[in-house]
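Written out below as structure tokens is the structure these notes cover.
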Amino acid sequence: MKIAVLGTGYVGLSTGVCLSQIGHHVTCLDINEQKINQLRQGISPIYEPGLEELLLSNMALGRLQFTTSQPDTLADAEIIIIAVGTPQGDDGAADLSYLVQAAKDISSYLNQDKVIVIKSTVPVGTNDVIKKLIEDRIGATVKIVSNPEFLRQGSAIVDTMKADRIIIGSENEEAARKIEEMYRPLNVPVIVSSTRSAEMIKYAANAFLAMKISYINEMANLCEAVGADVADVAKGMGMDRRIGEAFLNAGIGYGGSCFPKDVKALLHTAGANGIEFPLLKETIAINEYQRELLVVKALKRFGDLKGKKIAMLGLAFKPETDDMREAPSIPISAALSKWGAEVIAYDPVATENARKVIGDTIKYAGSIGEAVYEADAVLIVTEWNEVKNLDLAELVRNMKEPIIFDGRNCFTEEKIRACGAVEYYPIGKPAIII
């Protein structure tokens, strides 16, 4: 099939590359000429394991190309996938301006044979709005499909090629079958629903996972208070098939481009329809508190952070990505600076993006060793493998004071006790002070 993908962010680029990998001819469009030129050279503008290799191989096979020119690409495409951003607006609702503009842009090239797929995360009813907008502009009916994505940054390729399920929402049976055929080579389960159900599935799934994270984080705080170990509690819970072990890792909250935005957007939709949904409100409140928990622990330990050198390991919101959107490192660094600490941070891939967000209020190190040298404390913010595989004995030898606040529970008690004199403060577990 000939497919056009509008937008070359995480979703658009990952989708386009994977569709070309399963044999389709894909052209990715973006208005950003610099990004398109970079992609034409085989260089991915985002850090995503495995993406660049597939990009290069499918370009070489002639199945994948990139352009800023709409006319030829859109006129020739059988399927047009819209994967532009829907960022959070000031009121918590999704900002649909990029989606509306994309719909207007493609209107000139549409006919009744093409299928339009909205892969962007959008509030319930958006597909109907976009369909009417296009039909009013072209004076004819169009086939539109809601096809939400469920990609995790850092594993987007695997999540596409080995998806749990594919959601296809449409009132047009022919269009739904066409998109089902597009995905057939993946050989994964397909759920066909109404358009509005498909839109809601995306928000319902992300909000539930966010609630699961906030639940285990609140449980971790209770475990600390009563002397229990949240890792044991989570393991015991997760072995119950009705609960499952995924998203039960206690830590310093969720971040990224999806969970924070989608939970707030769903809450906004609920409010607009007269539903209070206090569970979502509490999910957000717990996460906001959890994001600064390491600073609370550090203040409790030191009393005053003024003049303290604090090493922060990890800046990205999760490992295997350079994404800084809603990263816990942002409020943590702001709080530490407010309390007068000297902060020096290290991240293997996200430093440049962090500079754009956090700025020069903190310092940036080129290695873990540089960051922790003569530090009064270390805060572990992102669970990179480089961090989890640290030689802790060497780490504490280079510190001024061997004090570690671990926001991701990266180390076993055995590993901590083997490193010598140390104060170790995890999440949801008793502290280890040797």
Side-chain angles (χ1 to χ4, degrees), residues 88 90 92 213-214 217-218 220-221 224 250-257 259-261 263-264 281-318 322-347 350-366 368 370-384 387 399-410 423-428 431:
Q88 180 183 314
D90 293 338
I213 293 169
S214 284
N217 282 337
E218 195 77 322
N221 297 333
E224 280 191 40
I252 49 175
Y254 57 78
S257 62
F259 285 1
K261 172 177 71 74
V263 173
K264 291 174 182 176
K281 295 178 183 177
E282 193 61 22
T283 295
I284 296 168
I286 291 169
N287 198 62
E288 289 299 314
Y289 171 79
Q290 204 73 14
R291 281 151 56 94
E292 293 189 32
L293 184 58
L294 293 186
V295 180
V296 173
K297 287 176 175 284
L299 281 167
K300 184 177 179 180
R301 165 58 180 80
F302 288 109
D304 185 4
L305 298 178
K306 188 173 183 180
K308 298 290 184 183
K309 179 181 178 182
I310 307 294
M312 195 162 67
L313 302 185
L315 290 163
F317 87 92
K318 63 179 286 188
D322 59 355
D323 200 335
M324 286 295 297
R325 284 176 287 185
E326 298 289 340
S329 62
I330 300 170
I332 289 173
S333 60
L336 289 172
S337 297
K338 182 187 74 173
W339 287 102
E342 175 192 343
V343 183
I344 181 165
Y346 168 77
D347 190 287
T351 299
E352 289 309 309
N353 284 344
R355 288 182 192 274
K356 298 172 187 175
V357 178
I358 299 174
D360 58 3
T361 57
I362 67 172
K363 296 178 181 177
Y364 302 90
I368 291 177
E370 180 187 349
V372 305
Y373 182 71
E374 289 293 296
D376 292 288
V378 166
L379 272 58
I380 298 176
V381 177
T382 313
E383 64 275 34
W384 287 97
V387 174
M399 296 175 65
K400 183 177 180 181
E401 294 189 65
I403 301 173
I404 301 171
F405 298 94
D406 187 354
R408 301 298 183 184
N409 292 346
C410 290
E423 292 183 35
Y424 178 73
Y425 300 93
I427 303 293

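Numbering starts at 1 and runs along the sequence shown. Keep in mind it's a predicted model, so treat the numbers as computed, not measured.
Here the side chains of E326 and R291 are in contact, with some heavy-atom distance below 4.5 Å. Two residues are said to be in side-chain contact when any heavy atoms from C-beta on lie closer than 4.5 Å; V387 and T382 fail this criterion. Proximity of N217 to L293: side-chain heavy atoms (C-beta onward) are nowhere separated by under 4.5 Å. You'll find the side chain of I403 stays beyond 4.5 Å of the side chain of D376, heavy atoms only. Considering only heavy atoms from C-beta on, E370 stays 4.5 Å or farther from K363 through its side chain.
Scanning both residues, S214 and Y254, for their nearest heavy atoms gives OG-CE2, 3.8 Å. Residue V357 comes nearest to M324 through the heavy atom pair CG2-CB, 4.1 Å, listed as atom of the first residue, atom of the second, then distance. Contact record, A220 with A250: CB-CB, 3.7 Å, taken as the closest heavy-atom pair. In plain terms, the two heavy atoms of G359 and Y364 that are nearest each other are O-OH, 2.7 Å. When all heavy atoms are compared, the tightest approach of A311 to A375 is CB-CB, 4.1 Å. Of all heavy-atom pairs between P331 and P328, the closest is CD-O, 3.1 Å.
For the atom pair CG (L313) and OG (S329), the distance works out to 12.0 Å, reported to the nearest 0.5 Å. Here M312 contributes atom CE and I362 contributes atom CD1; the two are 4.5 Å apart, rounded to the nearest 0.5 Å. To the nearest 0.5 Å, atoms NZ (K264) and OG1 (T283) are separated by 12.0 Å. Note that CG of D322 and OG1 of T351 are 10.0 Å apart. Values are rounded to the nearest 0.5 Å. Between atom CH2 of residue W339 and atom NZ of residue K308 there is a gap of 14.5 Å, rounded to the nearest 0.5 Å. Here the CD atom belonging to E374 is positioned 11.5 Å from the CD atom belonging to E342, to the nearest 0.5 angstrom.
One N or O on the side chain of K309 and one on the backbone of Y373 form a donor-acceptor pair closer than 3.5 Å. Counting only distance, with no hydrogens or angles, the side chain of Q290 and the backbone of G251 share a donor-acceptor pair below 3.5 Å.
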For R408 and I252: C-alpha separation, side-chain torsions, deciding distance, then whether side-chain contact (heavy atoms from CB on, under 4.5 Å) applies. CA-CA 7 Å; R408 301 298 183 184; I252 49 175; 3.5 Å; yes
One pair to check against side-chain contact (heavy atoms from CB on, under 4.5 Å): I213 and F259. What are the steps and the verdict? CA-CA 10 Å; I213 293 169; F259 285 1; 3.7 Å; yes
Please assess N353 against D347 for the test side-chain contact (heavy atoms from CB on, under 4.5 Å), listing each intermediate value before the final yes or no. CA-CA 10 Å; N353 284 344; D347 190 287; over 6 Å; no
side-chain contact (heavy atoms from CB on, under 4.5 Å) for R325 and Q88? Distances and angles first, verdict last. CA-CA 11 Å; R325 284 176 287 185; Q88 180 183 314; over 6 Å; no
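Across L336, I310, I380, I427, a single residue satisfies side chain to side chain contact (heavy atoms under 4.5 Å, CB included) together with L294, and that is I427.
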For a quick test of your reading: what N or O donor-acceptor pairs under 3.5 Å do the side chains of residues 296-304 make, sequence neighbours left out?
residue	atom	partner	partner atom	Å
K297	NZ	E224	OE1	2.8
K297	NZ	E224	OE2	2.9
K297	NZ	P426	O	3.3
R301	NE	E423	OE1	2.7
R301	NH2	E423	OE2	3.0
D304	OD1	K306	N	3.0

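Applying the ring-ring contact (aromatic ring centres under 6.0 Å, His included) rule to Y346 yields no partners; only residues at least two apart in sequence or on another chain are considered.
Between F405 and Y425, the two ring planes are parallel [angle under 30°; tilted spans 30° to 60°].
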